[in-house]
Amino acid sequence: MQGIKIVATGRALPQRIVTNEELSKRVDTTDEWIRTRTGIGQRYICENETCTSLAVRAAEKAMEKAGIGKDQVEAIVVATATSDLAFPSTACMVQKALGFPKELMAFDISAGCSGFLYGLGVARGLLLAGKKEYVLLIGSEQLSRITDFSDRSTCVLFGDGAGAAVISLTEQPYAYRAWADGEAGPLFCPGVGIDGARLHMEGNQVFKFAVKAIAQGVEAILKDTKMSIGEIDFVVCHQANQRIIEHVKKKYEGTKTVFYMNMENYANTSAASIPIALDEMGEKGLLKPGMKMICVGFGAGFTWGSALLTV
Ligand code: ACO
């Protein structure tokens, strides 16, 4: 099947870094607890930035690296659970801020931390149905707006940030799967018009779901492509928690496949975590032409999805 590839990426983080030590002065926790339970060491938190301004900066960098014209973009799609306004969408504000022409679609998608993975499916559909060559897909989150900084069981987990990717069609190997089960109880945030809405999470339930979702995501892609894990260079999961990924990784011990992790520096940035990771991997020179990676997203809904991408 005709697949998609990532042509270029960009990322944007707020200026302010909040360390575990700093959080331990606000709630009853320690750097050691946070690191051993989650692998997180610090997170970026917005002071002067917003979900939109982060999205704009990440998108600008991805467009610049791609070296394409704004008139070649079929759609701007922003995956976010924390848009500044209920409407208009963050995507429309990115369009305006960066001066994209009017002949394109601009909209947000809501799929929690699976937003970027769902966005890959949406981008492919738009490219197959549309007239232009590229989709600009952004994951942007200002989770600090919905984080209860008096709740130690959640406030240590999240961070703000944005990642963007310019997507095009490709003939290279590709596979895609997505799921949803409508299980809202363990992970939700009250919505529009509700003052002081804060994220609610039952950590243990989310943990169990996440481990199953990653394993299912990886295995489904291997089955669909008749590939073995040894042929996959990287698995890039939503960066929620090191222990979740370590748990899944055990099954693939002894293979060359690298489960990329960077939550130590960013914490969980929801829909932004995978494009931030991809941008960082590109910057470090880890991605060589022809390499194969499986990206796996999972989050509120519950929603989850996986994709095989070729560099
Ligand atoms: N510092 C110190 N102690 C804490 C903290 C903290 N920050 N948070 C909770 N604790 C305490 C609890 O109060 C509890 O104390 P008690 O036994 O006296 O009641 C104890 O630690 C153990 O609590 P658990 O919730 O059982 O701790 P657990 O080992 O399960 O770790 C965690 C909690 C890290 C939240 C884990 O459940 C987890 O990682 N879940 C997945 C969360 C996640 O990744 N969510 C996001 C995924 S989806 C998405 O990205 C939106």
Side-chain angles (χ1 to χ4, degrees), residues 18-43 79-82 109-118 139-161 163 179-181 183-191 197-217 236-249 259 261-264 266-277 295-306:
V18 175
T19 60
N20 292 345
E21 282 83 4
E22 187 177 339
L23 277 184
S24 70
K25 293 185 184 117
R26 294 170 73 163
V27 289
D28 183 14
T29 190
T30 59
D31 177 55
E32 203 245 328
W33 194 97
I34 302 169
R35 279 184 191 273
T36 51
R37 302 294 173 115
T38 71
I40 294 165
Q42 63 170 43
R43 71 283 299 138
T80 183
T82 52
I109 52 177
S110 165
C113 304
S114 310
F116 189 79
L117 248 295
Y118 270 37
S140 187
E141 301 285 10
Q142 189 180 350
L143 290 160
S144 56
R145 284 175 53 224
I146 56 163
T147 300
D148 178 353
F149 281 98
S150 66
D151 174 9
R152 68 177 181 174
S153 66
T154 53
C155 76
V156 300
L157 301 175
F158 300 101
D160 300 334
W179 298 267
D181 73 4
E183 188 63 65
L187 185 59
F188 67 90
C189 180
R198 294 287 177 266
L199 178 150
H200 168 91
M201 186 187 71
E202 286 163 34
N204 289 330
Q205 284 196 53
V206 174
F207 193 98
K208 283 182 205 149
F209 150 71
V211 168
K212 274 195 209 145
I214 299 176
Q216 186 178 16
V236 185
C237 298
H238 164 47
Q239 302 287 303
N241 182 320
Q242 185 177 321
R243 269 199 316 158
I244 292 174
I245 298 176
E246 295 287 356
H247 213 80
V248 180
K249 231 176 84 173
F259 281 69
M261 285 188 259
N262 67 1
M263 68 286 282
E264 184 178 5
Y266 304 99
N268 177 346
T269 57
S270 191
S273 82
I274 291 176
I276 288 175
C295 294
V296 190
F298 52 90
F302 287 132
T303 54
W304 63 113
S306 54

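All ligand and atom numbering here is 1-based and tracks the order in the structure.
There is no protein heavy atom closer than 4.0 angstrom to atom 18 (O) of ligand 1. By the definition of a contact as any protein heavy atom under 4.0 Å away, atom 28 (P) of ligand 1 is in contact. Protein heavy atoms are found inside the 4.0 Å sphere centred on atom 42 (C) of ligand 1. When distances from atom 3 (N) of ligand 1 to the protein are checked, a heavy atom turns up under 4.0 Å. In this structure, atom 23 (O) of ligand 1 has no protein heavy-atom contact shorter than 4.0 Å.
Of the candidates W33, F207, F298, F188, W33 brings a heavy atom nearest to atom 5 (C) of ligand 1. Here atom 44 (O) of ligand 1 lies nearest to A240 when heavy atoms of C155, A240, S153 are compared.
In this structure, atom 34 (C) of ligand 1 lies nearest to the protein heavy atom T38 CG2, 3.8 Å. Protein heavy atom nearest atom 11 (C) of ligand 1, with residue, atom name and distance: R152 NH2, 3.5 Å. At the shortest separation from atom 39 (O) of ligand 1 among protein heavy atoms lies N241 ND2, 2.3 Å. At the top of the distance list for atom 40 (N) of ligand 1, counting protein heavy atoms only, stands G203 O, 2.9 Å. Annotation: atom 45 (N) of ligand 1 to nearest protein heavy atom, M201 SD, 3.1 Å. If you check which protein heavy atom lies closest to atom 31 (O) of ligand 1, you get R243 NH2, 3.6 Å. Nearest to atom 47 (C) of ligand 1 among the protein's heavy atoms is V206 CG1, 3.4 Å.
Proximity to I244 (heavy-atom distance under 4.0 Å) selects the following atoms of ligand 1: 44 (O). For ligand 1, the atoms closer than 4.0 angstrom to any heavy atom of D28 are 1 (N), 2 (C). Annotation for ligand 1: atoms under 4.0 Å from non-hydrogen atoms of N204 are 26 (O), 30 (O), 37 (O). Close approach of ligand 1 to T29 is summarised as follows: ligand atoms under 4.0 Å from at least one heavy atom of the residue are 1 (N), 2 (C), 6 (C), 7 (N). Using a 4.0 Å cut-off to heavy atoms of H238, the atoms of ligand 1 that qualify are 49 (C), 50 (O). Counting the atoms of ligand 1 from 1 in the order shown, those under 4.0 Å from a heavy atom of V156 are 7 (N).
Nearest heavy-atom pair across I214 and C237 is CG2-SG, 3.7 Å. Closest approach of T82 and R145 over heavy atoms only: O-NH1, 2.9 Å. Here the closest non-hydrogen pair linking F158 and A267 is C-CB, 3.8 Å. Taking each heavy atom of A272 and G139 in turn, the nearest pair found is CB-O, 3.3 Å. Pairing each heavy atom of L23 with each of C155, the nearest pair is CD1-O, 3.8 Å. Nearest heavy atoms, L199 versus C189: N-SG, 4.0 Å.
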If you apply the rule side-chain contact (heavy atoms from CB on, under 4.5 Å), what do you find for E22 with Q42, and how did you get there? CA-CA 9 Å; E22 187 177 339; Q42 63 170 43; over 6 Å; no
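In this structure, L23 does not count as a contact residue of ligand 1, since none of its heavy atoms falls inside 4.0 Å of the ligand. Distances shorter than 4.0 angstrom occur between a heavy atom of L187 and an atom of ligand 1.
Checking E141 against T269 by side-chain atom types alone, no donor-acceptor pair falls below 3.5 Å. Remark: the N268 side chain and the H238 side chain contain an N/O donor-acceptor pair separated by less than 3.5 Å.
Below 30°, between 30° and 60°, or above 60°: for F209 and W304 the angle between ring planes is above 60°, a perpendicular geometry.
Looking at heavy atoms from C-beta onward, W179 lies in side-chain contact with S306 at the 4.5 angstrom threshold.
Note on K249 versus E246: salt bridge recorded, some NZ/NE/NH1/NH2 to OD/OE distance being below 4.0 Å.
Under a 3.5 Å cut-off, the side chain of T36 and the backbone N or O of W33 do form a donor-acceptor pair.
On a distance-only criterion, C113 and ligand 1 share no N/O pair closer than 3.5 Å.
A side chain to side chain contact (heavy atoms under 4.5 Å, CB included) with L143 is found for exactly one of T80, T154, D160, L157, namely D160.
At a heavy-atom distance under 4.0 Å, only side-chain atoms of N268, from C-beta outward, approach ligand 1.
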